[in-house]
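In what follows, a structure is listed as structure tokens, so that the remarks can point back to it.
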There are 2 protein chains.
Amino acid sequence: MGKDTGEEKLVRKTKIPETTIARLSSYLRVLDELGRMGFDNTASYQLAEELDINDSQVRKDLSLFGQFGKPGMGYETTKLKREIQKILGLTRKWKVALIGVGNLGSALLAYKGFKRQGFYIVAVFDNDPKKIGKKWAGIVIHDITQLKPIIRKERTEIGIITVPAPAAQEVANLLTKAGIKAILNFAPARISVPKDVRLSNVDLSLKLENLSFFLSRRGR
Amino acid sequence: MGKDTGEEKLVRKTKIPETTIARLSSYLRVLDELGRMGFDNTASYQLAEELDINDSQVRKDLSLFGQFGKPGMGYETTKLKREIQKILGLTRKWKVALIGVGNLGSALLAYKGFKRQGFYIVAVFDNDPKKIGKKWAGIVIHDITQLKPIIRKERTEIGIITVPAPAAQEVANLLTKAGIKAILNFAPARISVPKDVRLSNVDLSLKLENLSFFLSRRGR
DNA sequence: AAGAGTTTGTGAAATTTTTCACAAAGTTAG
DNA sequence: CTAACTTTGTGAAAAATTTCACAAACTCTT
């Protein structure tokens with residue numbers, strides 16, 4: 001298959017494109033669906049068709065991590081799903097802290113999808129005395145001043161910021177001081193973190209603006 | 001400046017990369033901030049630094065749409081902001097419908113950021129009799145069966161789907177039948193739409209999975 | 001008004017990402 | 001077992017995107 005250069009395949013040696021990581025998540029969604037539909041096997045062209053991409057893109061993405069298919073047969077859905085989960089680090093539980101129990105924070109707390117992928121919100125914080133001590137989705141809302149000790153004790157690894165924009169940087173500082181190494185920021189504010197901390201921003205308006213761009217140039 | 005080939009510059013002729021569109025939104029955020037901080041002028045290197053990208057990337061992005069700067073001076077923040085808004089189609093109001101007033105739907109209804117960018121949620125729908133007729137964030141929740149007439153009457157152009165996954169495709173069908181040309185889907189389900197309808201998916205878990213990927217291979 | 005100093009806009013080069021195309025490896029039918 | 005199919009995995013080609021590098025254009029100082 002292909003050319004055998006006689007060299008040892010060095011998995012994980014090459015740099016992985018960000019786009020590949022995003023697509024791996026998408027493959028997972030499709031595999032889930034195919035699994036539910038009773039497919040035991042699938043093929044690159046099937047995954048590709050579902051996601052409206054090229055089938056060799058699928059194979060190339062996977063080839064960056066190993067060989068998971070059988071020529072002539074394709075992939076076992078269950079096995080491939082498991083392999084992708086391994087790649088993405090989803091075979092373990094991740095403990096997540098959420099800061100800011102406003103509308104969006106509450107919605108994310110109630111969101112089932114996180115737990116399904118192994119992300120458990122184990123600590124919740126706010127600075128509003130009216131909220132502190134209350135329970136939401138089964139979790140007590142703690143005082144933001146207790147962030148560091150609680151996060152340390154719970155060994156929380158990921159922080160989700162859902163506070164108003166002006167408070168976002170301050171919360172990010174608290175999180176990094178508490179030893180958090182990955183932050184997902186929903187606040188419409190750009191924040192900076194030490195370079196050993198991975199920051200990911202979710203800008204809810206961004207996709208709407210993208211739609212706006214395409215709507216306003218339709219038929220041009 | 002550069003070479004003058006004597007040819008007419010054909011703005012909007014070339015294909016615009018998706019990544020450029022996303023960055024334009026980011027430039028807007030930075031310009032907002034710089035404006036608030038009292039900067040009347042800025043330069044490509046300043047915008048680039050804020051976003052951790054290359055400064056020629058900024059200039060190249062903008063050059064796809066025209067010439068907005070002055071050599072030696074940079075860009076007027078207000079003017080550039082306005083130009084980018086024009087490019088993205090944000091100088092007008094967009095009427096938006098939201099379907100599904102659950103946790104996430106409610107959060108998005110209350111989210112201020114949309115209105116700030118010109119996206120007005122003018123129609124809200126649900127299928128729960130307990131919710132229909134109630135008001136949320138000042139807007140009456142309509143019966144989903146009334147979607148088409150109301151959307152037609154209000155001349156709504158964008159639809160936001162925040163219903164549970166199993167209902168997403170059905171809602172998308174209703175929207176397209178009502179003439180909607182752009183859909184933002186928050187439901188964790190892949191849906192299909194006619195090709196003249198622009199579909200954008202927001203997968204809330206996706207970014208967490210990306211963080212997971214990087215966390216689990218730290219120091220590898 | 002001339003010279004020093006900036007910063008744009010943009011071809012061209014470099015890099016990255018996607019797609020092509022096909023040998024190898026497997027399956028299935030007879 | 002063999003022949004006809006199918007699909008993987010992957011070099012190589014193609015395409016897309018980013019970065020470089022610099023002439024041109026503008027400002028500011030003296």
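In the text below, chain A, chain B and the rest are named by the order of the sequence lines, each starting its count at 1.
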query: Could you give the NZ-to-C1' distance, from A:K70 to D:dC5, as a whole number of Å?
result: 17 Å
field: Stretch residues 23-44 of chain A: residues that reach within less than 4.0 Å of DNA chain D through a heavy atom
entry: A:A43, A:S44
- request: Step by step, work out the side-chain contact (heavy atoms from CB on, under 4.5 Å) result for A:L184 and A:L199.
  value: CA-CA 6 Å; A:L184 185 58; A:L199 170 69; over 6 Å; no
- request: In whole angstrom, give the distance that lies between atom OH of B:Y45 and atom C1' of D:dA21.
  value: 19 Å
Stepwise salt bridge (Lys or Arg N to Asp or Glu O under 4.0 Å) test for A:R92 and A:E157: CA-CA 12 Å; A:R92 46 159 293 187; A:E157 294 153 297; 2.8 Å; yes
- prompt: Given C:dT10, is OP1 or OP2 found less than 4.0 Å from the side-chain N or O atoms of B:Q67?
  reply: yes
Contact summary for B:V163 and B:G100, nearest pair of heavy atoms: CG1-CA, 3.7 Å
- prompt: Per the side-chain contact (heavy atoms from CB on, under 4.5 Å) rule, which among B:L108, B:V124, B:V122, B:I158 passes with B:V96?
  reply: B:I158
query: Which of these nucleotides, D:dT17, D:dT10, C:dT17, is closest to any side-chain atom of A:T19?
result: C:dT17
Atom-pair distance (CD on B:E76; P on D:dT27), nearest Å: 11 Å
query: Whole-Å distance between D:dG9 P and A:F65 CZ?
result: 14 Å
query: Going by an N to O cut-off under 4.0 Å, is there a salt bridge joining B:R190 and A:E50?
result: yes
field: Short side-chain to backbone donor-acceptor contact, B:R218 and A:K181, under 3.5 Å
entry: no
task: Consider the side chain of A:K15, meaning its heavy atoms from C-beta on, and name the nucleotide among C:dG9, D:dT27, C:dT17 that approaches it most closely.
output: C:dT17
query: B:W94 side chain to B:I121 main-chain N or O, any donor-acceptor pair under 3.5 Å?
result: no
query: Heavy atom of residues 50-61 of chain A under 4.0 Å from DNA chain D: which residues?
result: A:R59, A:K60
query: Under 4.0 angstrom, heavy atoms only, what part of the nucleic acid is A:T20 near: base, sugar-phosphate, or nothing?
result: nothing
- request: Under 3.5 Å for both distances, Watson-Crick or G-U wobble, that's the pair rule; now give the dot-bracket for DNA chain D, with | marking pairs to another strand and [ ] for crossing ones.
  value: ||||||||||||||||||||||||||||||
query: When you check the gap from the basic side-chain N to the acidic O, do A:E209 and B:R23 get nearer than 4.0 Å?
result: no
message: Nearest whole Å is fine: how far is C:dT8 C1' from B:Q46 CD?
response: 15 Å
- request: Ignoring backbone atoms, establish whether B:Y75 has a side-chain N or O less than 4.0 Å from OP1 or OP2 of C:dG9.
  value: yes
query: Between D:dT7 atom P and A:L47 atom CG, what is the distance in whole Å?
result: 12 Å
- prompt: Could you give the CZ-to-P distance, from B:F68 to C:dT8, as a whole number of Å?
  reply: 14 Å
field: Candidate pair B:T42 and B:Q46, rule side chain to side chain donor-acceptor pair (under 3.5 Å), full reasoning
entry: CA-CA 6 Å; B:T42 185; B:Q46 190 175 27; 2.6 Å; yes
message: As a test of understanding, state which of A:I53, A:D55, A:V58 forms a side-chain contact (heavy atoms from CB on, under 4.5 Å) with A:L47.
response: A:V58
Trace of the salt bridge (Lys or Arg N to Asp or Glu O under 4.0 Å) decision for A:R198 with A:E18: CA-CA 13 Å; A:R198 180 102 191 162; A:E18 287 278 319; 2.8 Å; yes
- request: Compute both the distance and the angle, then confirm whether B:K95 meets the cation-pi test with B:Y120: under 6.0 Å from the six-membered ring centre, within 45 degrees of the axis.
  value: no
task: Nearest whole angstrom, please: distance from the C1' of D:dT7 to the CD of A:E49.
output: 15 Å
